[in-house]
Amino acid sequence: MDIFNKIQKNKGPLGQYKELAHGYFTFPKLEGEIGPRMIFKGKEVLNWSLNNYIGLANHPEVRKADADAAAKYGMAYPMGARMMSGQTKYHEELETKLAKHVGKEAGYLLNYGYQGMVSIIDSLCDRKDVIVYDSDSHASIMDGLRLHIGKRYVFPHNNIENLKKQLGRATKLAEKTGGGIVVITEGVFGMVGDLGKLVEIVALKKKFNFRLVVDDAHGYGTMGATGAGTGEHFGVQDEIDVYFSTFAKSMAGIGAFVAANKDVIDYLAYNMRSQIYAKSLPMPMVIGALKRLDMLLSMPELRENLWKIVNALQKGLVEKGFNIGESGSPVTPVILEGGVAEATNIVHDLRENYSLFCSMVVYPVIPKGMILLRLIPTTDHSLEDVKVTIEAFTEVAQKLKDGKYSKENLASVEVED
Ligand code: PMP
């Protein structure tokens, strides 16, 4: 059979919605300068959907650093993978500075967080090793696990009692195979903003012998006194053996990094296939990241203002009776009850009649009957933006209660071919 026939019939769990959703709910085009106000379908919207937490994406100094580096080096330099011909002093400088910030001996750049995490897991663990991981882990962790030919045990999200049980099983198995144990979790769970239970997990090191890998994609730059992440926030950074974050969020760029003891980083640099067999990060991204890091470190007011907005938004929503889950980070979920039809009608109403743009998550990503609207506050939002948004959400929640969104009206949404 022709493989292409199969994909005509089965377009995949998300692809099945393309006809109804493309260009509106999925693949929407946000135009204009990155920030709280962008253009969607020709109209200005108040935008709560970007992880530009500390406002670096469009900061004039960042834009200048990016442009100057692009003018000086172009986008091609350096050619080749780091190991072969893609090494520069700027790559090394960025690694040293990032590692210092997160309190580790050494760091290494990753071209994308996704590939980097897959490769960290792949290179660290062989068939004798056992991986114990949180059930709500990001796809990059899950896909790293798919490469792991040894055993893995999952613990239900943030369930420390169950983690102990899995560690008990892992310990027994590792004794037999002669392998080691790695626990993988996240600092901030990006979908609903709750924090990994790092203090409790680290405490288990007294009883069990394992190494801890933390994906802190949403935590770096937002959490902790200096923005060094969720480990810093909880005071357990030293106990994180492999710290990972991406430049896709607070650092507002592309790329990622991993930080650990020097011998671990040396090992990763010589063994991560996603880096050995892929071209080095381009110079404007590296020099641009140095500028972003410098600002992240020297302008705490960016993070302070972010938290002012986060606290006002989360407090305001809770006061109005909204369920925002267990968020302990800037990620602010608004959890409502309803199906896909209600969810799409709500988002349509928010975008068209309230000029509010946020992301929506429905089944099968979250349980049936649940709607999750995700708000990402940034340092560039204002308290007025917060007020307007809470008012809009309050009206929308009332309409949902009154059954106004229950009729399917997707036909009124113009989607692109
Ligand atoms: N881990 C988490 C928790 C993420 O949210 C993301 C998405 N940015 C990644 C890893 C992958 O990072 P990147 O976008 O740099 O590939």
Side-chain angles (χ1 to χ4, degrees), residues 14 34 49-54 56-57 91 94-95 98 102 107-124 131 133-147 157-158 182-198 201 212-223 229-231 233 240 242-259 268 272-275 278-282 284-286 288-289 292-293 296 325 327-333 359 361 365-366 372 374-378:
L14 296 173
I34 294 171
S49 69
L50 307 184
N51 298 123
N52 181 28
Y53 290 115
I54 54 171
L56 294 180
H91 287 68
L94 180 57
E95 287 166 347
L98 285 164
V102 299
Y108 196 69
L109 295 180
L110 308 161
N111 292 2
Y112 270 98
Y114 173 87
Q115 295 156 359
M117 178 51 83
V118 168
S119 242
I120 290 168
I121 298 172
D122 178 44
S123 58
L124 265 187
I131 303 177
Y133 65 100
D134 188 284
S135 60
D136 284 6
S137 293
H138 187 260
S140 54
I141 297 173
M142 295 300 189
D143 290 356
L145 293 168
R146 285 160 75 175
L147 287 182
H157 178 52
N158 266 344
V182 174
V183 172
I184 309 179
T185 191
E186 294 185 31
V188 173
F189 286 83
M191 201 65 86
V192 290
D194 59 338
L195 307 182
K197 294 202 171 162
L198 302 187
I201 295 175
L212 178 61
V213 176
V214 173
D215 176 341
D216 206 21
H218 291 266
Y220 184 70
T222 66
M223 304 294 295
T230 316
H233 167 78
I240 296 174
V242 178
Y243 181 89
F244 162 98
S245 193
T246 169
F247 298 157
K249 324 278 178 193
S250 284
M251 288 283 279
I254 279 194
F257 71 99
V258 54
L268 290 175
M272 283 190 295
R273 294 168 67 82
S274 69
Q275 307 308 307
K279 190 174 188 273
S280 176
L281 271 181
M285 238 23 277
V286 175
R292 288 158 173 81
L293 177 58
L296 190 155
S327 181
S329 72
V331 177
T332 306
S359 305
V361 188
V365 181
I366 53 172
L372 196 153
R374 195 174 70 148
L375 300 174
I376 306 289
T378 70

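A quick note: this is a predicted structure, and the numbers were derived from the prediction, not measured. In listed order, ligands and their atoms are each counted from 1.
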Any atoms of ligand 1 less than 4.0 Å from a non-hydrogen atom of [X]? List them with their elements.
{"X": "S140", "value": "1 (N), 10 (C)"}
{"X": "H218", "value": "5 (O)"}
{"X": "T246", "value": "12 (O), 13 (P), 15 (O)"}
{"X": "Y114", "value": "11 (C), 12 (O), 13 (P), 16 (O)"}

State which residues pass side-chain hydrogen bond (donor to acceptor under 3.5 Å, both in side chains) with Y114; sequence neighbours excluded, sorted by chain then number.
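Counting only residues at least two positions away or on another chain, Y114 forms a side-chain hydrogen bond (donor to acceptor under 3.5 Å, both in side chains) with D143.
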
Partners of E95 by side-chain hydrogen bond (donor to acceptor under 3.5 Å, both in side chains), sequence neighbours excluded?
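side-chain hydrogen bond (donor to acceptor under 3.5 Å, both in side chains) list for E95, sorted by chain: R82.
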
So for Q115, does at least one of its heavy atoms come nearer than 4.0 angstrom to any atom of ligand 1?
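For ligand 1, residue contact (heavy atoms, under 4.0 Å) with Q115 is absent.
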
Taking [Y]'s backbone N and O only, do any of them form a donor-acceptor pair with [X]'s side chain (distance below 3.5 Å, no angle check)?
{"X": "N111", "Y": "K279", "answer": "yes"}
{"X": "S119", "Y": "G116", "answer": "no"}
{"X": "R374", "Y": "S359", "answer": "no"}

Quick one, Y112 with I254, criterion side chain to side chain contact (heavy atoms under 4.5 Å, CB included). Give me CA distance, side-chain angles, the key distance, then yes/no.
CA-CA 7 Å; Y112 270 98; I254 279 194; 3.7 Å; yes

Identity and distance of the protein heavy atom lying nearest [atom]:
{"atom": "atom 14 (O) of ligand 1", "answer": "A248 CB, 3.6 Å"}
{"atom": "atom 9 (C) of ligand 1", "answer": "H138 CE1, 3.4 Å"}
{"atom": "atom 8 (N) of ligand 1", "answer": "K249 NZ, 2.8 Å"}

Go through the steps for H91 and S280 under the test side-chain hydrogen bond (donor to acceptor under 3.5 Å, both in side chains), then give the verdict.
CA-CA 9 Å; H91 287 68; S280 176; 2.9 Å; yes

Any nitrogen or oxygen of [X], side chain or backbone, less than 3.5 Å from one on ligand 1?
{"X": "D215", "answer": "yes"}
{"X": "E186", "answer": "no"}
{"X": "Y112", "answer": "no"}

Indicate, as side chain, backbone, both or neither, the part of A217 found under 4.0 angstrom from ligand 1 when only non-hydrogen atoms are considered.
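Side chain only.
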
The one among G190, G113, G219 that brings a heavy atom closest to atom 12 (O) of ligand 1:
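Looking at heavy atoms only, G113 sits closest to atom 12 (O) of ligand 1.
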
Before giving the answer on side-chain hydrogen bond (donor to acceptor under 3.5 Å, both in side chains), spell out for T230 and D216 the whole-Å C-alpha distance, their side-chain angles and the decisive distance to 0.1 Å.
CA-CA 7 Å; T230 316; D216 206 21; 2.6 Å; yes

Quick check: are there more than 12 heavy atoms from other residues, nucleotides or ligands sitting under 6.0 Å from CE of M142?
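Yes - once you tally the heavy atoms of other residues, nucleotides and ligands closer than 6.0 Å, there are more than 12.
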
